[in-house]
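Encoded as structure tokens, the structure appears first; notes follow it.
Values below: every heavy atom of this structure, side chains too, minus hydrogens, waters and symmetry copies.
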Amino acid sequence: DARYLLEYATKMTREELHFQQMDVAPNEPAATYEELLAKREKRVPLQQILGSAWFMGLEFFVNEHVLVPRMDTEILVEEAAKMLQDGMRVLDLCTGSGCVLLSLLTLKREICGVGADLSLEALSVARTNERRLAARGLLKSPPPRWIQSDLFAHVPGRYQVITANPPYIPTADIDGLMPEVQTYEPRMALDGGTDGLDFYRRIVCGAKDYLEKDGWLFLEIGCDQGKSVGALLLEEQYQDIRVKKDLAGLDRVVCGQWQR
């Protein structure tokens, strides 16, 4: 982390720093570096300090209003992409930084994408990421529509694919998380209620009215929630329910097909 912060403060690459490592740093970048180190010492997440995080090989802007994109969530994108064909409609709930939806729009062509989040601040971050990716010519699909909505409350239409990385941490467990998460990431994006399943209950039930026939629902889960979330899908009569593991071999995504 110290090296990343030094690169950021000096605006130099790792290679440039290597060749100048014995030089005395100018006063201004040295002072900036000390300020950055002080923030990290307070456990401010590195990605928030730098204002960027890498996800699916793409650089995303992040701040204190959104969760830092994590590698585990790439499983959600990869699994959804298998069912999402060019020209389909996709809805991403609890979109946050927009990393899931925007990643899908870089993989598929002519996708009609909608991202929904209750937080206006989060949607502002998502729009920033959309503009940055579009400016670099990385989006293969038209710009998505961003909607402030409490899950499905203001969402229009039906979709072939719905994705969601909802809050899933049990309320009592949040204070035991690492300081980078419990102190600096938005609590509303973490708190999943008493058992961590509050949002899954709402999404699994509500999605049936927003999925096309044979549409798919993809949900990121906590590593111990596979059976519980799978049972919710089964109870609501979804078909072909699957639990996908992450690279660590832990349950990470549950999906099911809604056959209207």
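- At least one side-chain heavy atom of Tyr238 sits under 4.5 Å from a side-chain heavy atom of Lys208.
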For this session: For the pair Arg127 and Ser124, evaluate side-chain hydrogen bond (donor to acceptor under 3.5 Å, both in side chains) and give the outcome as yes or no after the intermediate values.
Result: CA-CA 5 Å; Arg127 291 188 180 96; Ser124 177; 5.9 Å; no
For this session: Run the numbers on Thr95 and Asp117 for side-chain hydrogen bond (donor to acceptor under 3.5 Å, both in side chains), then give the verdict.
Result: CA-CA 6 Å; Thr95 198; Asp117 202 291; over 6 Å; no
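- Relative ring orientation between Phe60 and Phe55 is described as perpendicular, the plane-to-plane angle rising above 60° on a 0-90° scale split at 30° and 60°.
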Exercise. What do the steps show when you test Leu107 against Val77 for side-chain contact (heavy atoms from CB on, under 4.5 Å), and what is the final call?
Worked result: CA-CA 10 Å; Leu107 297 173; Val77 174; 4.1 Å; yes
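- Asp195 pairs by the salt bridge (Lys or Arg N to Asp or Glu O under 4.0 Å) definition with Arg201, not counting sequence neighbours.
- Phe218 has its side chain out of reach of Leu84: every pair of non-hydrogen atoms, C-beta onward, lies at least 4.5 Å apart.
- For Lys42, the NZ atom is loosely surrounded, since the number of other residues' heavy atoms within 6.0 Å does not exceed 12.
- Remark: the backbone N or O of Tyr184 is not paired with any side-chain donor or acceptor of Glu64 at under 3.5 angstrom.
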Exercise. Passes side-chain contact (heavy atoms from CB on, under 4.5 Å), Arg187 versus Thr171? Steps please.
Worked result: CA-CA 10 Å; Arg187 192 179 183 96; Thr171 304; 4.2 Å; yes
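- A salt bridge links Arg70 with Glu185: the distance from a Lys NZ or Arg NE/NH1/NH2 to an Asp or Glu carboxylate oxygen falls below 4.0 Å.
- The CZ atom of Arg158 sits 12.5 Å away from the CG atom of Leu91 when rounded to the nearest 0.5 Å.
- Between the side chain of Glu7 and the backbone N or O of Thr13, no donor-acceptor pair lies under 3.5 Å.
- Salt bridge absent: Glu35 and Lys39 never bring a charged side-chain N and a carboxylate O closer than 4.0 Å.
- For the pair Ser52 and Gln47, the minimum side-chain heavy-atom distance is 4.5 Å or more.
- One finds no salt bridge joining Glu220 and Lys244 here, because no Lys/Arg side-chain nitrogen approaches an Asp/Glu carboxylate oxygen to under 4.0 Å.
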For this session: Please lay out, stage by stage, how Ser97 and Val125 fare under the test side-chain contact (heavy atoms from CB on, under 4.5 Å).
Result: CA-CA 5 Å; Ser97 66; Val125 172; 4.1 Å; yes
